[in-house]
Structure formats: C-alpha cells, structure tokens
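Numbers for residues simply follow the sequence, beginning at 1. Treat the numbers as computed from the prediction; the structure is a model and nothing was measured. Because only heavy atoms are used, hydrogens play no part in the values below, and waters and symmetry mates are left out as well, while side chains stay in.
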Amino acid sequence: MSAGSDPGAPRTGGSPTPDAPDATADGTGIGDVAASVLVFGSSCAVLVVEIVALRLLAPYFGLTLETSTLVIGLALAAIAAGAWLGGRWADGHDARGLLGRLLYISGAVVAATPFLVRGAGSVPDSGLLLPVTTACIVVPGALLSAMTPMVTKLRLATLEQTGSVVGRLSGIGTAGAITGTVVTGFVLISTVPVTWIMVGLGVLLAAGGVATEVHSRRAVAAATAAGVLLVGAGGALLLPSGCDYETTYHCAVVQADPDREGGLSLVLDNLRHSYVDVGDPEYLEFSYVKALAAATEASYPAGEAIDAHHLGGGGLTLPRWLATTRPGTTSTVSEIDPGVVEVDEERLGLETGPDLEVRVEDARTGLDAIDDDSRDLVVGDAFGGVSVPWHLTTVEVLGEVRRVLGDDGLYAANLIDYPPLGFARAEVETLGAVFDHVALAATPASVRNESGGNLVALASDAPIDTAAWQEALDARDVGWQVIEGAELDAWVGDSPVLTDDYAPVDQLLTPYPSARAVSG
C-alpha cells in the first residue's frame, strides 16, 4: 500500500502528490525537483568555496600541502557541523522556512570572502587572517551543508521511504560536490578571476534564497532579501580586486620602480618574483639572479652561445639576460601559468621567437619533451608561493634533469628556505645523490644556519669551478659565500634524500616567512 493511500501512516513532513512532482499535498513539505536543486546546488557551492579558498590563501600561506590540509580540514569540519545542525534544526523548526535564509546568508558571506581575506591579509602581523579565513570557509560551508538534512526531512512522508529518499538525496549531493570540483578546477579558475567566482556564486546563492522564499509564499522576506542582494551585488562590482591580472594560479601585479626608468617588478600573490628592466636586459636586480648569472659566467666562456632550459618562467629575467649577453643562445621555458606569460608579453615586453620559446606546461612533465644530452644549462626557478613544488625536488626529477644535460652540463637551482634550513639542506643532499659535484652559494648568515632567504645550488657531473663562481659573485657585489666539499657536507648534516615516495618539502620549509617576503 502506498503512503498516500494509508491514512494511518506516520508523517514526518509533507509528501508530494503523485501527479505533481514539484508540489506537496499539504504545503508543508517540498517538491522533488526543488529538493534536488537545493541539495545539488548547496553541495556544489561548498566545493567551489573550498577550491577557491585555496587560491585566496596562496598569497599569504603559499601553495603548500599544509595550506591544502588546512582548507580541506576546515571544509570537512563545516560539512560535519552543518549536517549535525541541519538535522537538529529540521526536527525543532519549520525547515521550509529556514532554507531561504540559509541560502542568502551563505551568499552574502561567500560574496564578501575575497574582500575580507585580502583586507585581513593586508594588515601586517594583525593575526586576523586565520580567523577571518576560518569564518569565511566554515560559515557558508556549515549553512549550505545543513540544507541536505533539512530538505531530506521535508521529503520524508513515511518511514518506509527513508532509505530511498536519503539515498537519492545523498547521491544528488555527491554529484553536486563532484560538479563543483570539476567545473571550478577545469573551467572557472582558468577563465574567471577568483574574485568574481566568489561574487558570482554569492549572488546565485542569494538569488536562490529569494526564489525559495517566493516558493514558500514568504513575500516580505523575499522582497527584503532581493533588496539586500541588489545592493550587495552593486557594491561588490565597485570594489577593486587588487590584481592587475587574476591568472590561473596567481594574483599578478606589475609595479614600476620609482628609482629606475624601465624597471618593473612582477608581483605574484604579494611576493616579488621577478624584476625586469625592459630597456636593459643586462640589468639584474635580485641577488639570486646575479648568483645564477655569475654561475653561468664561471662555467662558460664569455659571449659563448649555450642551449638552456628553464623550469619556471616568472618574468623570464635570466633567459633575456642570456639572449643579450650570449647572442645565439637558445632557451626553452616551462611556465605552468598562461596568465603569467600573458603579463610578460603585455606588460614586461617579452618577445618570443626561435631562440626563446615559452611552453605553457608543468615543469616536470615538460622535461619529457627535451632530448637527451641536449642542454648545456638547466635552471630550476619554479615556485608555488614560497616553496619549490615538491615534485621538482626529488631524485626522480633530478634524474631527468641529468638526462637532458650534456656531459659538462650544469643544473642551477634557486631555493628558498629559513632556519633551520631543513629543505635547502635536504635538496643539496638530494642533488649529491644524482650528480657527482655540488656547490652552494648563500649569504654568510645562511651558511651559518642563522638566516634564510634565497640560496643557489649548482650540480654537475663535471667539476664546478667554485673559485671562478666566487670571483664572479664578488664582481657583482652580491656578498654571498660559496661552499663545497667537506664544508658543504657538514652544512647538509644528516638531511634526508627527497624522493617521489618521500618529499615533505612543505614541512621542512618552516617556519614560513611573512606575507611580504621576497621570493625572487
């Protein structure tokens, strides 16, 4: 016997009429279509917020495993709290009357999130960033996750329906979460600035709240929410994002040097990654770039053309320097972010051609396309936030670097670390497991493990002329010290070798610097 034909069946909410799937028999429940849309949409939105939150936090915490763990943990906590609260609210209140409020409150928080996070991050040493971020993830995540148990309660007409209703809505919610993940990761992030993803999602959620109120015949609440939605959306459109470009991976800003005509800094997520003098490619600003240039000068005769490959592009300062100081040099560059390449071309005067090719690709997979023994120089200068991506640090990828280098080829890696320099020491140990000769240049304080910042490591199967490298560094007035041999071994100590199976780069790279640290 069907629930609709049994007058004694226990009722826990409204039930749909057989011939009207989006209507209810007593007006207290919710239709099947509306229930599906609410569960799918709210679950989708939770995952969109989670993924975009990673992008918003990258300027301040870096694109690290720990950042991902923090965001995922907060999102899961929000989902768990929302499911629990939603169940309690459904049992103690008119769930249908709460749905619209949950949507437009969530929408307001989501739309404000990019501005709240960047505002908190712009206040040095305020301690606001973590609690603001937590609230911006947990509040909408919990409220949206409360939708499923509340909608489920409204769809239950008899106890005999529990399994099918719960299972169906759970499946729809999972499908929504998958959709949010896939669409955000593969479509939205690559085509829409993250600010507008959040603002747009917030507007959609708030609009959904208005529609839900209208569907519930709550005219006053619907009109109030619609007014707030219009004002909020209009205000959001007037607020700047703080970025010249929002790329696939970064908030990019180009800053002019007030003290040098033609000098431009490429700032990615509040970190100065590159400095380019568009009128004088021979001018080098950052110490680590000078150290890389000095290593090239010490390893190859002046003016001699070489074949180079670069893991990471940024502003392409070194490839431009090589092209100017060593005419005929060919450079290929693996840069994962097409937006950075666009900034280089539109704002930093980059001109590519047969001798300078930029490939939009992951630096590790890009090595597969490089022929054996075809490069004189490979430069490692790829960063996610303040950290070298872990998959570019291991024995396995360094084996690929060694494969593409000729017998006298040189690998030069820009590293960033801070006391106790656990990552830098582990990476030097890993280089020594692959190459016959390794040397390091850093500030004297870094050599004493008393300070950090940029360090440059060289690795080769051929002997490295460290005396010439030190001389070239001194000529550029870098103030760095070169160490090798027993001194370098003592500096490395008992550091682990990094492998694809064990590369805790993010944990070794501690403590993190402030948000305004220079990464390039």
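Taking each heavy atom of Leu431 and Val438 in turn, the nearest pair found is C-CG2, 3.9 Å. Phe423 and Ile416 get closest at one heavy-atom pair: CD2-O, 3.7 Å. The two residues Asp344 and Gly314 come nearest to each other via the heavy atoms OD2-O, 2.6 Å. Considering all non-hydrogen atoms of both residues, Ala53 and Ile137 come closest at CB-CD1, 3.8 Å. When all heavy atoms of Trp491 and Val447 are compared, the pair lying nearest together is CD1-O, 3.1 Å. In plain terms, the two heavy atoms of Ala439 and Thr466 that are nearest each other are CB-CG2, 3.7 Å.
Here the CH2-CG distance, from Trp469 to Leu458, works out to 3.5 Å after rounding to the nearest 0.5 Å. Rounded to the nearest 0.5 angstrom, Asp337 CG and Leu268 CG are separated by 7.5 Å. A distance of 5.5 Å separates CG of Leu56 from CZ of Arg118, quoted to the nearest 0.5 Å. Once rounded to the nearest 0.5 Å, the distance linking OG of Ser287 with CG of Leu292 reads 11.0 Å. Rounding to the nearest 0.5 Å places CZ of Phe435 at 11.5 Å from NE2 of His437. Here Leu70 contributes atom CG and Thr133 contributes atom OG1; the two are 8.0 Å apart, rounded to the nearest 0.5 Å.
Side chain to side chain, Arg272 and Ser265 meet the donor-acceptor criterion of an N or O pair below 3.5 Å. His309 and Thr332 are linked by a side-chain donor-acceptor pair at a separation below 3.5 angstrom, with hydrogens and angles left out of the test.
Formation of a donor-acceptor pair under 3.5 Å by the Ser299 side chain with backbone atoms of Thr296 is not found in this model. The main-chain N or O of Ala442 is never found under 3.5 Å from a side-chain atom of Ser446 such that the two would form a donor-acceptor pair. Under the 3.5 Å distance criterion, the side-chain polar atoms of Asp417 are left unmatched by any main-chain donor or acceptor of Asn454. The main-chain N or O of Leu498 is found under 3.5 Å from a side-chain atom of Thr430 such that the two form a donor-acceptor pair. Between the side chain of Asp376 and the backbone N or O of Asp307 there is at least one donor-acceptor pair closer than 3.5 Å. No side-chain donor-acceptor contact under 3.5 Å links Asp371 to the backbone of Ser374. No side-chain donor-acceptor contact under 3.5 Å links Ser43 to the backbone of Ala177. Side-chain N or O atoms of Thr394 include none that pairs as donor or acceptor with a backbone N or O of Trp390 at under 3.5 Å. Although no hydrogens or angles enter the test, the distance criterion places no donor-acceptor pair under 3.5 Å between the side chain of Glu361 and the main chain of Ile336. Although no hydrogens or angles enter the test, the distance criterion places no donor-acceptor pair under 3.5 Å between the side chain of Arg403 and the main chain of Asp373.
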Quick one: do Glu427 and Arg425 satisfy salt bridge (charged side-chain N to carboxylate O under 4.0 Å, His left out)? Show the steps, please. CA-CA 5 Å; Glu427 183 63 4; Arg425 291 187 288 117; over 6 Å; no
After noting the C-alpha distance and the side-chain angles of Val46 and Ser145, does the key distance pass the side chain to side chain contact (heavy atoms under 4.5 Å, CB included) rule? CA-CA 8 Å; Val46 171; Ser145 298; 4.0 Å; yes
Begin from the C-alpha positions of Arg476 and Glu297 and carry the test salt bridge (charged side-chain N to carboxylate O under 4.0 Å, His left out) through to its verdict. CA-CA 11 Å; Arg476 290 182 173 274; Glu297 292 166 338; 2.8 Å; yes
Going through the checks in order, is the side chain to side chain contact (heavy atoms under 4.5 Å, CB included) test met by Tyr300 and Leu410? CA-CA 10 Å; Tyr300 307 100; Leu410 182 71; 3.6 Å; yes
What do the steps show when you test Thr499 against Glu396 for side chain to side chain contact (heavy atoms under 4.5 Å, CB included), and what is the final call? CA-CA 7 Å; Thr499 68; Glu396 289 82 359; 4.0 Å; yes
Apply side chain to side chain contact (heavy atoms under 4.5 Å, CB included) to Leu350 and Val358, showing your working. CA-CA 10 Å; Leu350 174 65; Val358 181; 4.3 Å; yes
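For Val254, the side-chain contact (heavy atoms from CB on, under 4.5 Å) criterion is met by Asp244, Leu264, Leu266, Val343, Arg347, Leu348, not counting sequence neighbours.
In this structure the side chain of Arg260 reaches within 4.5 angstrom of the side chain of Asp280, judged on heavy atoms. The shortest distance between side-chain heavy atoms of Tyr288 and Leu455 does not fall below 4.5 Å. Residues Val333 and Glu357 form no side-chain contact, since every pair of their non-hydrogen atoms from C-beta on lies 4.5 Å or further apart. Contact annotation: the side chain of Thr69 never approaches that of Asp506 to less than 4.5 Å [non-hydrogen atoms, C-beta and beyond]. In this structure, the side chains of Tyr502 and Pro496 come closer than 4.5 Å at one or more pairs of heavy atoms. Between Val289 and Tyr275 there is no side-chain heavy-atom pair separated by less than 4.5 Å. Using a 4.5 Å cut-off on side-chain heavy atoms (C-beta onward), Glu487 and Leu440 make no contact. With a 4.5 Å cut-off on side-chain heavy atoms, Asp461 and Asp407 do not count as touching.
Under a cut-off of 6.0 angstrom, the local environment of CG in Asp372 is crowded, with over 12 non-hydrogen atoms contributed by other residues, nucleotides or ligands. Under a cut-off of 6.0 angstrom, the local environment of CD in Glu450 is crowded, with over 12 non-hydrogen atoms contributed by other residues, nucleotides or ligands. The neighbour count for Asp477 CG, taken as heavy atoms of other residues, nucleotides or ligands under 6.0 Å away, does not exceed 12. Counting non-hydrogen atoms of neighbouring residues, nucleotides and ligands closer than 6.0 angstrom, the CD atom of Glu471 reaches no more than 12 such neighbours.
With Ser331 as reference, Leu356 is the one residue of Leu318, Leu356, Val379, Asp355 to meet the side chain to side chain contact (heavy atoms under 4.5 Å, CB included) rule. A side chain to side chain contact (heavy atoms under 4.5 Å, CB included) with Glu335 holds for exactly one of Val341, Val360, Leu311, Leu316; it is Val341.
Listed by first and then second residue, the side chain to side chain donor-acceptor pair (under 3.5 Å) pairs that reach into residues 313-329 come to none, sequence neighbours excluded.
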Name the atoms and distances for all side-chain donor-acceptor pairs under 3.5 Å in residues 106-117, with sequence neighbours left out.
residue : atom : partner : partner atom : Å
Ser106  : OG   : Leu102  : O            : 2.7
Thr113  : OG1  : Val109  : O            : 2.8

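One finds no salt bridge joining Glu400 and Arg402 here, because no Lys/Arg side-chain nitrogen approaches an Asp/Glu carboxylate oxygen to under 4.0 Å.
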